[in-house]
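Shown next, in structure tokens, is the structure this report addresses.
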Number of protein chains: 2
Amino acid sequence: MVPKSTGTTRERLSRDTVVDGAITLADREGLDALTIRRLAQEHGVTPMALYWHFHEKEDLLDAVAERLLNGVRLPEPTDAPWAEQLRAILVAYLDAMRPHPVLAGLALPRVLKSEPGLRLADRVLGLLAAAGFGTEEASQTGSFLLSAMSTLITAEPGPHKALRGEERDAAVRAKRASLGALSPARFPHVIAAADALSDCPDDDVYYARGVELLVRGAQNLRPA
Amino acid sequence: MVPKSTGTTRERLSRDTVVDGAITLADREGLDALTIRRLAQEHGVTPMALYWHFHEKEDLLDAVAERLLNGVRLPEPTDAPWAEQLRAILVAYLDAMRPHPVLAGLALPRVLKSEPGLRLADRVLGLLAAAGFGTEEASQTGSFLLSAMSTLITAEPGPHKALRGEERDAAVRAKRASLGALSPARFPHVIAAADALSDCPDDDVYYARGVELLVRGAQNLRPA
DNA sequence: ACCTGAACACCGTTCAAGT
DNA sequence: ACCTGAACACCGTTCAAGT
């Protein structure tokens, strides 16, 4: 009666475990590796098994996005100035996405399609409204600010931080070499910045500056 | 001796014509439709024919990116304040990419891999250096500012402007309906902004505001 | 130089079937 | 309820061959 335990870790599948697998797979091998067939294989199961839990791949991706958005630790509303609260929210979003650089772009367009994403969006819109932005201005600015968080991750100079060890070092060296080989007469500033464009020495200051730029920009859009 | 003209428009293939085809195909049917096989078919040719002109798909995409980046009309350097010149460059980038919303994300990561992209990057880095940014700060800020231009396009509320007519209207209505159906108690600000989040009435002011936010943000990063 | 044809290893997905 | 197996219409790409 007891299902034969073959010694392998083959458990019963569930949406949650599949989503787990999808995230670790993408983090480890990149977005291209995140296919139904690879994922099924990772779970020791037929590709078609996944279709019982998700009726198409898009559903899986929605679920992945929701999981990531659920990781955003929204700060409680306070009496602090709106710009300060906005910064805290942006940082919370950033912190949730930073461990998953290849998936950040996936979560973003699904913000308005998921429960935790909507909570996030509502908070941002509320803050901007309180700051005096009109509905339309707030919508556009809010969309942009959240998107810019993903951008910050994707635009970080150098290869993704998910890449580790020798593989990452090699990528950095390759990039630096290709930039260094350019004509100094034609691209002097690029050459001077070759190192800084090939790798980012301190993520934390990089992200802090990015957030700062956006918050101050938003502040200056509304002439206090 | 003269090649028989079959009456069809079947010309000899070239990198340029293939790139042309790729851009119009992507603009018309989206990024997913941009496959080697579809593209070959569009040119009345075997898929393998393209491999004579590009040794893999990545090469094709590089060429597409280069073409788009070549469309950036870089303004001549002037005596104007750096922030003003920066804004002009960002606007030039934006103007080149706006007609190709689905391809904007493709051009961006190839800026440092193409001649026109490098010219652009060098100008941005030069301006930021002149403004007093250190090399590292300038690299990070410059990368982010250019990326943010693509973001602005991608994050524009509503479906892509490349979509036209009834198809677009239907998408807008669907989005508005789904947002409008939410609980007003839980997501009051999202509901209030349902219209503004479903479609963007005036692109020009939207983009102008986005650029303004970024330029002022960059300005305020350096306390003049 | 420029293109075709057959083949390979992959995709997502449907549909009928097993337990 | 949960999963398998065979099949279909797609991918990118290699390799040998035609003109």
Side-chain angles (χ1 to χ4, degrees), chain A residues 1-26 28-65 102-103 105-106 109-110, chain B residues 1-26 28-65 102-103 105-106 109-110:
Chain A
M1 293 303 263
V2 175
K4 60 170 181 203
S5 81
T6 52
T8 75
T9 37
R10 176 61 200 293
E11 301 288 333
R12 222 228 303 27
L13 235 47
S14 78
R15 282 179 66 98
D16 278 349
T17 62
V18 173
V19 168
D20 279 347
I23 292 178
T24 56
L25 177 58
R28 186 167 19 100
E29 305 191 28
L31 209 56
D32 288 347
L34 181 47
T35 75
I36 295 285
R37 293 175 114 105
R38 279 286 269 108
L39 195 53
Q41 176 181 321
E42 214 78 13
H43 286 284
V45 107
T46 275
M48 285 45 82
L50 300 192
Y51 282 88
W52 200 91
H53 301 274
F54 305 90
H55 101 274
E56 55 181 355
K57 190 182 182 183
E58 186 66 15
D59 274 20
L60 206 215
L61 300 184
D62 287 350
V64 168
V102 302
L103 293 174
L106 214 152
R110 290 170 175 87
Chain B
M1 293 301 263
V2 175
K4 61 169 180 202
S5 80
T6 51
T8 75
T9 39
R10 175 60 200 291
E11 303 286 334
R12 232 247 270 44
L13 236 47
S14 77
R15 282 179 67 96
D16 278 349
T17 61
V18 173
V19 169
D20 280 346
I23 293 177
T24 57
L25 178 58
R28 187 167 17 100
E29 306 191 28
L31 210 56
D32 288 346
L34 181 48
T35 74
I36 295 285
R37 294 175 114 104
R38 278 286 270 110
L39 195 52
Q41 175 182 321
E42 214 79 12
H43 286 285
V45 106
T46 275
M48 286 45 84
L50 300 192
Y51 282 89
W52 199 92
H53 301 274
F54 306 90
H55 101 272
E56 55 181 356
K57 191 182 181 183
E58 185 66 15
D59 273 20
L60 207 215
L61 300 183
D62 286 350
V64 167
V102 302
L103 293 174
L106 214 150
R110 290 171 176 85

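Each chain gets a letter, A, B and so on, in the order the sequences are listed, and its residues count up from 1.
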Closest nucleotide among [options] to the [X] side chain:
X: A:Val45; options: D:dA1, D:dT4, C:dG12; value: D:dT4
X: A:Arg37; options: C:dC11, D:dG12, D:dC15; value: C:dC11
X: B:Ala49; options: C:dC3, C:dA6, D:dA1; value: C:dC3
X: A:Met48; options: D:dC11, C:dC3, C:dC15; value: C:dC15

If only side-chain N and O atoms of [X] are considered, is one of them under 4.0 Å from the OP1 or OP2 phosphate oxygen of [N]?
X: A:His53; N: D:dA1; result: no
X: A:Arg12; N: D:dC2; result: yes
X: A:Thr35; N: C:dC11; result: yes

Send over the distance from [X] [atom1] to [N] [atom2], rounded to a whole Å.
X: B:Leu61; N: D:dC11; atom1: CG; atom2: C1'; value: 14 Å
X: A:Asp59; N: C:dT13; atom1: CG; atom2: C1'; value: 13 Å
X: B:Leu50; N: D:dT14; atom1: CG; atom2: P; value: 14 Å
X: A:Trp52; N: D:dC3; atom1: CH2; atom2: C1'; value: 10 Å
X: B:Tyr51; N: D:dA16; atom1: OH; atom2: P; value: 17 Å

- Is the closest side-chain heavy-atom distance between A:Leu34 and A:Val102 below 4.5 Å?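 SC-SC contact between A:Leu34 and A:Val102 ruled out.
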
- Message: To check you understand the geometry: which heavy-atom pair defines the closest contact between A:His43 and A:Gly21, and what is its length?
- Response: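 Where A:His43 meets A:Gly21 most closely, the heavy atoms are NE2-CA, 3.9 Å.
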
- Query: Mapping A:His55 and A:Arg38 to their closest nucleotides on DNA chain C, which lands nearer the 5' end?
  - Reply: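 Looking at the nearest nucleotide for each, A:Arg38 comes out on the 5' side.
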
